[in-house]
Amino acid sequence: MTQSYPLPPFENRFAELPPAFYTRLQPTPLPAPYLVGFSDAAAATVGLPRPADEHTDFLDIFAGNQVAPGSTPLSAVYSGHQFGVWAGQLGDGRAITLGDLPAADGQGRIELQLKGAGMTPYSRMGDGRAVLRSSIREFLCSEAMAALGIPTTRALTVIGSDQRVMREAPETAAVVTRMAPSFIRFGSFEHWYYNQRFDDLKILADTVLEQFYPELLPEENPYQALLKEVTRRTATLMAQWQAVGFMHGVMNTDNMSILGLTLDYGPFGFMEAFDARHICNHTDSQGRYSYQMQPRIGQWNCFALGQAMLPLIGSVEQTEAALADYEAIFQARHAQLLHAKLGLRTQQPEDEQLIEALFAILQANGVDFTLFFRRLGNLRIGNVADDEPVRDLILDRPAFDAWAVQYRARLRAEDSDDDARRLAMHAVNPKYVLRNYLAQDAIDRALEKDFSEVARLQQILQHPFDEQPEFERYAALPPEWARHLEVSCSS
Ligand code: AMP
Ligand code: MG
């Protein structure tokens with residue numbers, strides 16, 4: 001028996017913007033689609049169930065082969081700065097928004113967008129497709145970030161096909177359905193600013209304010225308030241990325257969300273052997289988007305947004321005032337997160353030195369970032385013998401031992417309780433992150449049509465702070481073969 005997948009009718013708020021903001025179009029059909037992954041957690045945010053066998057239309061709707069009820073598919077135009085250089089018009093070159101559905105929690109609406117659904121007027125030289133490899137990576141990482149409590153777009157499902165697409169080598173096509181209240185980017189504002197279409201710029205800003213920041217409308221200068229709030233969210237997001245060791249890889253202004261979400265997963269990575277200069281995108285030869293640069297680039301991008309909003313805000317002084325707090329907000333949030341990672345309940349003046357000394361050790365020894373903080377949570381103040389698991393991660397044992405003396409003194413000074421601290425540290429230092437080799441393993445199996453590893457990894461990463469002893473090996477150091485895994489922009 002066939003039955004339709006219970007999808008409420010779509011609306012499309014974005015389509016209420018003037019026609020210059022987007023192009024209506026149909027996705028390009030994807031031949032013989034099959035289900036690669038599905039996130040129950042993402043689905044729950046719009047009250048959708050896991051598709052059952054009889055829901056034969058599910059694959060067709062999310063492969064772009066069948067238009068869902070109420071859907072008016074469209075691709076949006078935007079521009080942006082890529083690697084610090086004005087790139088002019090870009091746009092949804094392979095993303096097609098189906099429309100929006102009511103959020104299950106009653107808080108607004110959520111857009112569903114197919115990524116890899118075929119060519120659009122903004123495809124430039126691209127083929128409008130996404131490969132299975134990058135689609136699985138985006139799917140797994142969106143859901144992993146959400147489970148880590150980091151603001152992000154979500155991913156509902158990945159649908160694969162044997163259709164060939166050419167990258168460095170032939171690969172196969174896939175479509176990932178992403179979800180967010182909005183996919184509007186800093187580059188969406190820059191688009192109208194650099195085209196000197198200030199009326200459209202105002203329409204965009206007013207729409208963003210009304211739909212996503214209504215609390216700012218009564219402000220004396222709502223546009224300034226909007227820039228200030230986006231700046232705050234971006235600074236906070238950067239602190240969260242740094243604290244968990246997430247590297248985005250392509251922080252162009254067209255990949256920066258006006259809602260402060262992690263957006264456009266490409267050559268991202270999680271820090272393994274700590275190196276502040278690490279560049280996760282091997283196309284980024286200058287290291288513009290290296291780990292240590294991310295906070296500064298977040299700020300640079302906010303300035304680019306500020307520039308674009310200048311005609312609305314009114315003056316350079318007001319624009320600068322809206323941007324002024326970035327650094328302080330980042331520093332405060334980052335310090336707070338690092339204190340939590342170290343299990344410190346209070347902030348003391350000497351902590352800066354303690355944290356600096358620790359990062360010098362992590363850097364000099366290439367210590368696995370995730371494992372280190374997780375194992376540090378098990379440290380007992382009165383029992384040095386128990387330090388072995390964390391100590392084992394560090395080649396220069398005397399350096400660690402000397403640091404641990406300081407750390408213990410600091411813990412004693414705030415009467416830290418071992419058990420309470422372990423619980424608190426394990427609640428903020430994940431045991432499981434999406435290591436490149438884990439993603440690669442799931443991808444390799446998916447290429448053989450075995451999707452079980454995608455599902456398993458997604459389930460493990462749904463509970464990154466839990467011990468999950470049965471999945472211990474997913475918390476292990478990367479194997480030798482994974483040392484030289486490279487991720488590029490190609491997707
Ligand atoms: P990204 O750096 O991946 O965020 O992409 C930058 C721009 O290139 C965006 O406008 C994308 O839509 C576009 N793009 C990337 N890959 C493709 C593709 N295969 N086909 C069409 N457009 C693409
Ligand atoms: Mg992009």
- Query: Under the side-chain hydrogen bond (donor to acceptor under 3.5 Å, both in side chains) rule, what pairs show up with a residue in residues 18-31, not counting sequence neighbours?
  - Reply: T23-Y122
Check residues 296-310 and write down every donor-acceptor pair under 3.5 Å in which the side-chain atom is one partner and the other belongs to a residue at least two apart or another chain.
| residue | atom | partner | partner atom | Å |
| --- | --- | --- | --- | --- |
| N301 | ND2 | M251 | O | 3.0 |
| N301 | ND2 | I297 | O | 3.4 |
| Q307 | NE2 | Y193 | OH | 2.8 |

- Item | Side-chain donor-acceptor pair present, E190, T253, cut-off under 3.5 Å | yes
- Item | Cationic N near anionic O, under 4.0 Å, R133 to D444 | no
- Task: Evaluate whether atom CD of Q286 has more than 12 neighbouring non-hydrogen atoms of other residues, nucleotides or ligands under 6.0 angstrom away.
- Result: no
- Item | Passing option when R456 is tested against Q458, Q459, E453 for side-chain hydrogen bond (donor to acceptor under 3.5 Å, both in side chains) | E453
- Under the salt bridge (charged side-chain N to carboxylate O under 4.0 Å, His left out) rule, collect the residues that match up with D105, sequence neighbours excluded. none
- Item | With E480 via salt bridge (charged side-chain N to carboxylate O under 4.0 Å, His left out) - residues at least two apart | R483
- Message: Check this for me: does any side-chain nitrogen of one of R445 and E448 sit under 4.0 Å from a carboxylate oxygen of the other?
- Response: no
- Sorted by first residue and then second, give each salt bridge (Lys or Arg N to Asp or Glu O under 4.0 Å) pair with at least one member in residues 277-287; sequence neighbours left out. D275-R277
- Message: Using ring centroids (six-membered ring only for Trp), state whether F451 and Y34 fall under 6.0 Å.
- Response: yes
- Residue pairs, two or more places apart or on separate chains, that pass salt bridge (Lys or Arg N to Asp or Glu O under 4.0 Å) and touch residues 27-44: D40-R50
- Message: Which residues pass the side-chain hydrogen bond (donor to acceptor under 3.5 Å, both in side chains) test with E467, not counting sequence neighbours?
- Response: R374, K431
- Message: Using the rule side-chain contact (heavy atoms from CB on, under 4.5 Å), only one of R167, M166, E168 pairs with P170; which is it?
- Response: M166
- With sequence neighbours excluded, what pairs up with D57 under the salt bridge (charged side-chain N to carboxylate O under 4.0 Å, His left out) test? none
- Passing candidate, side-chain hydrogen bond (donor to acceptor under 3.5 Å, both in side chains) with S491, options E171, R129, R94: R94
- Item | For R109, all residues meeting side-chain contact (heavy atoms from CB on, under 4.5 Å), sequence neighbours excluded | E11, R13, D100, P102
- Query: In terms of side-chain geometry, is the basic nitrogen of D264 or R185 positioned less than 4.0 Å from the acidic oxygen of its partner?
  - Reply: yes
- Query: Applying salt bridge (Lys or Arg N to Asp or Glu O under 4.0 Å), which residue pairs with at least one partner in residues 155-165 are found, sequence neighbours left out?
  - Reply: D162-K449
- Task: Return the set of residues passing salt bridge (charged side-chain N to carboxylate O under 4.0 Å, His left out) with D368 (not counting sequence neighbours), or none when no residue passes.
- Result: R435
- Can you pull the salt bridge (Lys or Arg N to Asp or Glu O under 4.0 Å) pairs that have at least one residue in residues 204-214, sequence neighbours excluded? K202-D206
